[in-house]
Chemist: 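Structure incoming, see below.
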Amino acid sequence: MAAINVTLPDGSVKQVPQGTTPYEIAEQIGPKLAKAAVAAKVDGKVTDLKRPLDRDVALEIVTVDSPEGLEVLRHSTAHLMAQAIRRLYPGTKLAIGPVVGERFYYDIDCPKSLTVEDFPAIEAEMAKIVKENWEIRREEISKADAEALFREMDEPFKLEILEGLQDGEISLYRQGEFVDLCRGPHVPTTGYIKAFKLLSVAGAYWRGDSSRPMLQRIYGTAFPKQSELEAYLQRLEEAARRDHRRLGPALGLFSFHEESPGFAYWHPKGQILYRTLENFSRELQEARGYQEVATPWISRSQLWEQSGHWEHYRENMFRMEYEGESLAVKPMNCPNHCLMYKEQTRSYRDLPIRFAEYGPLSRYELSGTLHGLMRVRGFHQDDAHLYVREDQIEQEIFGVLELFDVVYSTLGLKYSIKLSTRPEKFLGTVETWDRAEQALMRALEKAGRPYEINPGDGAFYGPKLDIYVTDALERVWQCATVQLDYQLPERFDLTYVDADGSHKRPVMIHRAIFGSLERFIGILVEHFAGAFPTWLAPVQARVIPVGINYFEYAYGVAEKLKRMGIRVEVDSRNEKVGYKIRDAQLQKIPYMLVVGEKEAASGTVAVRHRSRGDLGAQDVEAFGRAVADEIARRALD
RNA sequence: GCCAGUGUAGCUCAAUGGUAGAGCGGCUGCCUUGUAAGCAGUAGGUUGCGGGUUCGAGCCCCGCCGCUGGCUCCA
């Protein structure tokens, strides 16, 4: 048999007989590697460990703890689950079973409507199949054979998937009695799957099409080791503990009532948080040449017809009719800002013009999509529209990026940027698009911000930057986008007079830093687990008198601190100190100030910080100055 | 909107189709309190809403609403 050359990642070349499997090579390298191996990367493509090599290749052994290895493991677990479900619920049709992030799912059409209560039985069956340790075999067959097979098995979804495949690219994977149409790769045997758990069940449309049948989607996850699975499950629990829908009401920030689905009720403490963030934004924007405006929240539909919203966005707008007149509540501010721009003849010297607005916006979101503060029907953005000359795009985008950075670094949030470029259907000319995209890239590079490109993902009216925030639990949220817009200036016939006296079209930049304040606060609640930095905390200090004899002193301390700009309250309940400390801790109040005999006599407070613990006695004035400074610096804990 | 689940006191949860309960929280009183829960008492409910089955419904059936997990959507 001929020999082939296998190049390993360290550059060394191994000569082996043709038909050698990656697994055998792994064994030669070392038993430890062979044990951790779940797949192989052949010329950069992930493939099965036991698929024979037939030519010279570059080979990398994929171990179970690598990103690719984990994906293989989870994908195989999806098959394992499908096999178990098939055994338990005969007649189940399989659709697709991919890996998404740390989870996998399988969409199935099952005669029984499954719930989490069915999970233990399915998991038990999965464990059984693991124990049976079936070899997972790849088989390549012709399209005709595959069609015959899945027709015989009565698998309509697989047949539909087959329709889109070509002869020569069809593979099956078998383990025991189970067979599935699959590209692979998979772990060598079912015994490789050690730690898994089914997580949830939900509905999902076949092929994501709401006119197609609704399938059951079972989510699960798998890890190389039980301990890693448990760590993951603990992270889910931590996320549940931090859930803003639970913490928000518990901290007195906001509530929801079924009388107004999708609209938050902001309680006094939540409103402080809200206003503090809004004012933070105001302060930064005023310093950067933004002008705050306020525009109508209800307009005649002709405005929305002119802006194009009526055509493209009507279904998401709250609409109404009075005196035969069609009206709508604004879902965005841009058309109103365009009207204001147009009130005057603008000179090239006037640009850029930056209108900022914090007013209420409403969007009709489908009832099933509402989710706490994260998805609402009524919200406010820290919205702004910049009217700029084309030669100002780069500089203005650079300014917006700087603003992003100030806001997110102040809050200790990591973020990443994606640039979405010209889609297939677009407005304007290729040249304009190219120039705009170039300007965005130059601004990003000037700002020193790394970014990824999403080719073809821009809006039809202009390219955009999406900002993704990563929170304390490493979850990623999209908060804001910066979009260049060539269409609205056109639709509203916006112009400016250039140096040569000619009328030119400005470019519009839509941008928001927080995005929706509601959503952003939801993210912050979960990010900080309710323990906001002092400058954001609704109550920054709580004075805890040891007994009624010290109430007067406590109120005096509170008065002094209030005058120093600190949000402070006195716990005047008839309770023990331990009780009041516990309550203040649960309310995540940054500073607890215990006052009694010693403090009253010396004009001090005994300071306890929610996370740093007992800080000892401090002079009231000195404490006040230190906290005022912490607030002014917007310090993180 | 769609599929599934779910809805009992402010919160967390009990109650084989047979008189709706507990803990926490609230309020009142006692204790006079020193760094994560003192003691006692007390109020609080048309069991989401509307129909139906039944001698009898928190529980079973139908419709509606909210919420949850997803899907779809997201200028």
Side-chain angles (χ1 to χ4, degrees), chain A residues 100 103 105 107 109-110 112-118 199-219 240 243 245-246 249-250 252 255-262 304 307-317 331-335 361 363-372 375 427 458-462 464 478 481 483 485 487-488 508 510 512 515-516 519 542 544-551 571 573-587 592-599 606-610 613-617:
Chain A
V100 183
R103 304 189 299 174
Y105 66 80
D107 282 352
D109 181 15
C110 180
K112 181 180 189 301
S113 177
L114 298 175
T115 72
V116 288
E117 274 140 47
D118 299 309
L199 298 170
S200 61
V201 57
Y205 299 109
W206 168 234
R207 300 236 147 144
D209 182 343
S210 56
S211 67
R212 308 289 305 264
M214 176 72 73
L215 305 171
Q216 299 188 56
R217 175 170 295 181
I218 318 286
Y219 281 95
D243 193 322
R245 291 167 303 180
R246 188 186 74 80
S255 60
F256 285 91
H257 293 273
E258 67 175 276
E259 284 80 352
S260 301
W304 310 108
S307 69
H309 287 90
W310 205 251
E311 191 187 339
H312 297 287
Y313 205 63
R314 187 176 22 178
E315 296 311 315
N316 278 290
M317 292 164 68
M332 297 169 205
N333 294 309
C334 25
L361 302 174
R363 296 181 186 173
Y364 178 77
E365 303 286 357
L366 292 176
S367 56
T369 65
L370 300 176
H371 181 96
R375 190 65 174 281
L427 201 98
F460 68 89
Y461 53 79
K464 61 176 182 174
Q478 187 185 353
T481 64
Q483 311 199 329
D485 186 349
Q487 195 203 19
L488 275 187
M508 215 173 143
H510 307 243
S516 140
R519 197 171 135 79
R542 185 182 275 181
I544 299 176
V546 162
I548 40 174
N549 295 340
Y550 313 104
F551 276 23
D571 189 343
R573 289 175 299 180
N574 186 14
E575 286 293 350
K576 307 285 183 280
V577 172
Y579 179 91
K580 294 181 182 179
I581 292 285
R582 175 179 158 79
D583 187 64
Q585 285 286 158
L586 291 175
Q587 288 295 308
M592 288 150 270
L593 309 175
V594 179
V595 297
E597 183 61 45
K598 288 177 296 217
E599 291 76 18
V607 182
R608 176 189 165 108
H609 185 265
R610 66 180 169 208
D614 197 339
L615 302 178

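To find a chain, count down the sequence lines: A is the first, B the second, and so on, and within it residues start at 1.
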Chemist: Select base, sugar-phosphate, or nothing to describe what A:E259 touches, counting heavy atoms under 4.0 Å on all strands.
Modeler: nothing
Chemist: Please pick, from B:C71, B:G34, B:A36, the nucleotide with the shortest atom-to-atom distance to any side-chain atom of A:R608.
Modeler: B:A36
Chemist: What is the nucleic acid contact for A:Q216, judged by heavy atoms within less than 4.0 Å: base, sugar-phosphate only, or nothing?
Modeler: nothing
Chemist: Before accepting this row, confirm whether a basic side-chain N of the pair A:D571/A:R573 lies closer than 4.0 Å to the acidic partner's carboxylate O.
Modeler: yes
Chemist: On a heavy-atom basis, which atom in A:R245 and which in A:D243 lie closest, and how many Å separate them?
Modeler: NH2-OD2, 2.5 Å
Chemist: Which part of the nucleic acid, if any, lies within contact of A:Q478, taking any heavy atom under 4.0 Å across all strands shown: a base, the sugar-phosphate backbone alone, or nothing?
Modeler: nothing
Chemist: Please report, rounded to the nearest Å, how far the C1' atom of B:C74 is from the CD atom of A:E315.
Modeler: 14 Å
Chemist: Verify the contact: side-chain N or O of A:S367 to OP1 or OP2 of B:G1, cut-off strictly under 4.0 Å; return yes or no.
Modeler: yes
Chemist: Can you find a donor-acceptor N/O pair under 3.5 angstrom joining the side chain of A:Y364 to the base of B:G1?
Modeler: no
Chemist: If you compare every side-chain N and O of A:Y579 against the phosphate oxygens of B:G25 (OP1, OP2), does one of them come in below 4.0 Å?
Modeler: yes
Chemist: Under 4.0 Å between any heavy atoms, over every strand shown, what does A:L370 touch: base, sugar-phosphate, or nothing? Just pick one.
Modeler: sugar-phosphate
Chemist: Do A:R212's NZ or CZ and the ring of A:Y205 fall within the cation-pi criteria of under 6.0 Å and 45°?
Modeler: no
Chemist: Contact class for A:G368 vs. all strands (heavy atom < 4.0 Å): base, sugar-phosphate, or nothing?
Modeler: base
Chemist: Counting only side-chain heavy atoms from C-beta out, which of B:U72, B:A36, B:U32 sits nearest to A:I548?
Modeler: B:U32
Chemist: Could you check whether the side chain of A:E258 and the base of B:G7 have a donor-acceptor pair of N or O atoms closer than 3.5 Å, going by distance alone?
Modeler: no
Chemist: Give me the ring orientation class for A:H309 and A:W304: parallel if the planes are under 30° apart, tilted from 30 to 60°, perpendicular past 60°.
Modeler: perpendicular
Chemist: Select base, sugar-phosphate, or nothing to describe what A:G596 touches, counting heavy atoms under 4.0 Å on all strands.
Modeler: base
Chemist: Distance check: side-chain N/O of A:H609 vs OP1/OP2 of B:U35, anything under 4.0 Å?
Modeler: no
Chemist: Does B:A4 have OP1 or OP2 sitting under 4.0 Å from an N or O in the side chain of A:R217?
Modeler: no
Chemist: So for A:R246 and B:C11, does any side-chain atom that can act as donor or acceptor lie under 3.5 Å from a complementary atom in the base?
Modeler: no
Chemist: Checking all strands, does A:H257 fall into the base, sugar-phosphate, or nothing category for heavy-atom contacts under 4.0 angstrom?
Modeler: nothing
Chemist: Can you tell me which nucleotide in B:A37, B:G34, B:G69 comes closest to the side chain of A:S200?
Modeler: B:G69
Chemist: Counting just side-chain N and O atoms, does A:R573 come under 4.0 Å of either OP1 or OP2 of B:G26?
Modeler: yes
Chemist: Would you indicate which nucleotide in B:G38, B:A36, B:U72 comes nearest to any side-chain atom of A:K576?
Modeler: B:G38
Chemist: Describe the nucleic acid contact of A:A606 in one word from base, sugar-phosphate, nothing, applying a heavy-atom distance below 4.0 Å.
Modeler: base
Chemist: Between B:U35, B:A36, B:A4, which nucleotide has the shortest distance from any of its atoms to the side chain of A:V594?
Modeler: B:U35
Chemist: Looking for any heavy atom pair under 4.0 Å, which part of the strands does A:F256 touch: base, sugar-phosphate only, or nothing?
Modeler: nothing
Chemist: Output yes when at least one side-chain N/O atom of A:R245 is less than 4.0 Å from OP1 or OP2 of B:C67, else no.
Modeler: no
Chemist: Pairs counted as Watson-Crick or G-U wobble with both distances under 3.5 Å: what dot-bracket string results for RNA chain B, using | for bases tied to another strand?
Modeler: (((((((..((((....[..)))).(((((.......))))).....(((((..]....))))))))))))....
Chemist: Can you find an N or O donor on one side and an acceptor on the other, under 3.5 Å apart, linking the side chain of A:N574 with the base of B:C31?
Modeler: yes
Chemist: Please tell me if the side chains of A:S307 and A:L488 come closer than 4.5 Å, counting only heavy atoms from C-beta onward.
Modeler: yes
Chemist: Between A:Q216 and A:V201, is there a donor-acceptor pair closer than 3.5 Å when you use the side chain of the first and the backbone of the second?
Modeler: no
Chemist: When the nearest nucleotide of RNA chain B is assigned to A:A202 and to A:G547 on a heavy-atom basis, which residue is associated with the more 5' position?
Modeler: A:G547
Chemist: From C-beta outward on A:P261, which listed nucleotide comes closest to its side chain: B:G66, B:G70, B:U72?
Modeler: B:G66
Chemist: Output yes when a side-chain donor or acceptor of A:R217 lies under 3.5 Å from a complementary backbone atom of A:A204, and no otherwise.
Modeler: no
Chemist: Regarding A:K598, tell me which of base, sugar-phosphate or nothing describes its non-hydrogen contacts under 4.0 Å with the strands shown.
Modeler: base
Chemist: With RNA chain B as reference, determine whether A:E365 or A:P545 sits nearer its 5' end, using the nearest nucleotide of each.
Modeler: A:P545
